[in-house]
Amino acid sequence: MNIQAQERPWFIASLVIALLISLPIFAVVYLAFFPDENAWPHLLNTVLPSYLLNTIILMAGVGFLTLAIGTGSAWLVVTYDFPGKRWLSWALLLPFAVPAYVVAYVYTDVLEYAGPVQTGLRALFSWESSQDYWFPEIRSMGGAILMMSLVLYPYIYMLARSAFLEQSISLYRIARSLGSSPLQFFYRVSLPIARPALAVGLALVLMETLNDFGTVDYFAVRTLTAGLYDTWLNMGNLGGAAQIAVLMVVVVIILISLERYSRRQQKQFNSRNPGAPIPSIKLTGKYAYGASALAFTPVLFGFIIPFMVLANYAVRYFEISWSNEFLTYALNSFSLASMAAIITLILGLILAYSKRMNKNKATRFFVGFSSLGYAVPGAVLAIGIIIPFAALDNFVDGLMREYFQFSTGLILSGTAFAIVFSYSVRFLAVASGSIESSLDKITPNMDMASRSMGHSHLSTLIRVHIPMIRRGALTAMLVVFVDCLKELPATLILRPFNFETLATQVYQFASDELLEQSALSALVIVLVGIIPVVLLDKSINKKQL
Amino acid sequence: MQLYKSLIFTTTCLILTLFTNSAYSSEVNVYSYRQPFLIQPIFDAFTRESGIDVNVVFAKKGLSERLKREGRNSPADLIFTVDIGRLIDVVNKDLVQGTSSTTLSNNIPSQYRDPEGKWFGLTTRTRSIYVSKERANLADIQRYEDLSNPAWKGRICTRSGKHPYNLALIASMIAHHGEEKATNWLKGVKANLARKPQGNDRAQVKAIKEGVCDISLGNNYYYGKMLNNPDQVEWANAVHITFPNQADRGTHVNISGMALTKHAPNKANAIKLMEFLSKKLAQKMYSEQNFEYPVNPSVEPSGLLQSWGNFKSDILPLSEVANLRKQAAKLVDRIGFDE
């Protein structure tokens with residue numbers, strides 16, 4: 001391995017980051033070596049095959065649906081002009097602010113037997129009871145796929161849209177002059193070019209799906225995650241649970257490698273920022289309204305309906321849910337999420353940039369390894385963090401007690417730092433993936449030019465790359481921020497005493513199927529989640545126009 | 001850029017210092033598997049009486065692992081659970097210490113505490129059978145064993161067989177009848193289910209109201225909660241709450257409970273809180289606000305609870321139920337109860 005002196009700091013930085021981030025994963029692997037009993041004979045003989053099958057069906061379903069909704073709507077708002085396009089183009093991001101389990105809860109409420117839809121149908125057709133008609137069961141595999149797709153598609157939409165926006169107008173002109181229609185341009189040019197971004201988005205969606213517990217638990221869809229918690233909590237076998245977690249990580253590694261392998265020989269660069277955006281085609285008449293309706297559908301089901309249901313509850317249960325601590329919860333959520341967003345952004349930049357410079361296998365491996373945290377279910381990750389943190393704390397304490405007769409107690413464990421660390425481990429993949437896909441599109445000529453003018457790597461990164469990938473980086477930060485706001489299991493397990501965030505507050509009630517009593521907190525998560533969506537979207541658009 | 005960096009750095013440092021561990025002298029720290037909104041009023045009453053603050057971390061998973069890894073430096077004094085399984089778990093992992101308080105042993109019957117004082121029950125809750133007022137005859141469903149009667153085919157609803165409350169019930173069936181009979185019983189129940197196990201206990205009563213099924217399993221306090229919720233009262237009104245097996249061994253009960261951690265830094269305060277919770281005021285609050293039965297025999301259950309009638313509870317030691325939990329979980333998998 002030959003690393004030049006100037007690149008060495010970057011190499012070392014990525015090594016250090018990878019080591020830190022993978023600490024909890026190593027802890028989980030370590031646990032997997034010490035199961036209380038061998039869980040596999042029992043699991044393999046009984047439930048594991050169906051857990052695995054359910055997981056695969058769920059991932060395939062959500063993957064397909066989110067790709068269709070995300071790419072389709074991004075293409076629509078970038079390529080065409082239709083009524084409401086301006087606000088729809090950011091409104092399509094809104095479902096991202098709604099946690100999946102909240103959507104699941106809301107739709108169960110709306111669609112179940114006693115809900116307004118079925119009650120209305122019964123009144124309309126004068127049916128007496130559930131025996132008189134057929135209605136799809138929302139608490140099912142199909143329901144879970146639908147619910148998760150409704151809130152996860154923005155990952156793909158967001159990345160696809162920036163990718164489409166970044167595409168050069170010259171490509172479009174060439175394609176059109178060679179006689180391709182806008183649709184053909186989409187299939188033959190836009191989509192292949194956007195593929196790295198779509199792949200990143202899809203990978204995020206699939207990892208979120210793999211590790212969702214709230215929705216599948218509520219809908220009684222037994223996936224690997226369910227098996228993991230069952231082995232841990234009901235069979236008291238944490239080691240066995242860690243083994244399942246390792247299996248899940250392996251699934252993710254396979255997914256990521258497949259994607260990388262499939263585009264191993266592709267290289268894509270935008271030679272420069274596109275001078276002007278690709279002109280959008282103005283639709284008229286029924287086409288225009290059709291397009292509006294199409295783009296509006298995901299917003300309606302992924303955001304407006306859940307929002308209205310929550311708002312309705314929030315008003316009706318206002319007295320129960322309103323408390324003075326409200327601002328504190330919001331502040332806690334905000335500070336944790338923004339710290340984590342900044343940290344992951346910086347770490348992600350270092351990793352992605354060092355990968356760009358050092359094309360060696362080791363760097364690639366480090367960067368790949370640092371994104372595995374996203375694949376580990378939150379609660380397991382939390383245990384993976386407790387282990388090294390508590391070990392370090394107790395080690396320091398032991399030393400101090402021995403030499404200075406003084407106890408330092410726990411320094412890192414049970415602090416907000418542990419939570420921020422867990423967010424960084426979990427969501428670094430989001431930041432580095434999206435930064436990487438933006439960086440990939442900048443031609444190395446830029447680097448060479450800047451370097452030949454005597455700028456260091458750092459200076460090149462700050463003066464050349466960061467301004468060019470600003471859009472991708474902002475997107476990355478936004479995603480991490482909102483993800484952190486919604487994160488639950490790790491926050492619950494790692495938090496200090498009397499420490500509530502909006503999400504933990506919602507969970508307290510929602511976990512007892514009393515969401516209506518915490519609808520206000522849920523609503524605030526959603527509203528707070530909207531603010532960065534609006535702000536960042538504005539800044540993306542400003543640069544674009 | 002420079003400005004940005006220093007700004008970010010300062011805020012980060014500031015917020016981190018705000019959040020780091022801080023200790024007060026007059027406090028007691030609780031790791032709770034139970035939602036704080038259910039116990040906060042009782043803790044508040046304790047603070048008013050004693051001047052001792054109660055700090056809580058609530059999570060449904062992972063607290064015992066946290067306690068274990070924090071070791072002798074753990075700030076936690078007490079651990080609260082909502083079922084016997086988790087309680088015995090922390091005892092088996094050697095995370096707790098025994099305590100011998102006469103107040104506790106006077107207030108809590110020996111059946112609901114560890115002989116060495118390593119765990120204490122605070123309230124009991126029955127695993128009741130809810131029966132539709134319209135579509136089922138109370139006389140036909142007197143025992144848990146009746147749930148496997150083919151007459152109920154397609155008429156029973158329940159939450160996941162893997163839920164701790166159901167696991168405890170299944171464990172008690174294994175204890176009373178042996179694994180083989182318990183297996184056949186559970187298969188019979190599975191064959192009678194109206195739908196795949198889902199939702200919580202309350203959702204099953206709702207399903208009875210909606211005509212999906214006629215019989216469900218559920219803890220008693222949900223009945224009280226539904227009666228007190230204007231949106232849910234009609235679900236509760238659609239059913240009778242029953243206490244099974246009155247003619248023989250008695251109704252299966254579980255406990256919510258507490259244990260003193262091994263390295264409790266505020267041990268004296270913790271024992272004060274434990275004693276407080278076993279006394280009249282706290283026991284009354286549990287009964288009146290959460291609709292659970294007091295463990296303290298000198299405290300009457302709330303009027304609402306009494307209106308549901310007296311019952312005899314199964315005296316099978318809870319530690320036995322806890323020890324059979326894993327076997328019960330495997331049984332649930334083997335017969336595919338949740339599929």
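The chains referred to below are lettered A, B, ... by the order of the sequence lines, with proteins before strands, and numbering in each begins at 1. Only this structure's heavy atoms are used, side chains among them; waters, hydrogens and symmetry mates stay out.
Contact of F389(A) with chain B is not made at all, since no heavy-atom distance falls under 4.5 Å. For R222(A), the part sitting under 4.5 Å from any heavy atom of chain B is the side chain, from C-beta outward, and nothing else. For N498(A), the parts lying under 4.5 angstrom from a heavy atom of chain B are both the backbone and the side chain. With a 4.5 angstrom heavy-atom cutoff, I385(A) does not touch chain B via any of its atoms. When heavy atoms are compared at a cutoff of 4.5 Å, A382(A) does not approach chain B at all. For a residue to count as touching a neighbouring chain, one of its non-hydrogen atoms must lie under 4.5 Å from one of that chain's; by this rule L238(A) touches chain B with the side chain only.
Between E339(B) and V47(A), some side-chain heavy-atom pair lies under the 4.5 Å cut-off. The shortest distance between side-chain heavy atoms of K61(B) and F213(A) falls below 4.5 Å. Looking only at side-chain heavy atoms (C-beta outward), F497(A) and E27(B) stay at 4.5 Å or farther from each other. Side-chain contact between Q118(A) and E210(B) is absent, with no heavy-atom pair separated by less than 4.5 Å. Under the 4.5 Å side-chain criterion, counting only non-hydrogen atoms from C-beta, L492(A) is not in contact with K60(B). Side-chain contact between R401(A) and R72(B) is present, with heavy atoms from C-beta onward closer than 4.5 Å.
Between chain B and the options T491(A), I387(A), L494(A), I383(A), heavy-atom pairs under 4.5 Å are most frequent for I387(A). Across I493(A), I419(A), L488(A), D217(A), the residue that shares the most heavy-atom pairs under 4.5 angstrom with chain B is I493(A). Contact count against chain B (heavy-atom pairs under 4.5 Å) is highest for I386(A) among I386(A), V380(A), N237(A), D393(A).
A distance of 6.0 Å or more separates the ring centres of F499(A) and F58(B).
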Could you walk me through whether K326(B) and N234(A) satisfy the side-chain contact (heavy atoms from CB on, under 4.5 Å) test, starting with their C-alpha distance in whole Å, then the side-chain angles of each, then the deciding distance to 0.1 Å, before giving a yes or no? CA-CA 6 Å; K326(B) 200 187 282 184; N234(A) 293 329; over 6 Å; no
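In terms of heavy-atom proximity, P496(A) sits nearest to R66(B) at CA-NH2, 4.4 Å.
A distance-only check finds a donor-acceptor pair linking the side chain of N394(A) to the backbone of R69(B) [under 3.5 Å].
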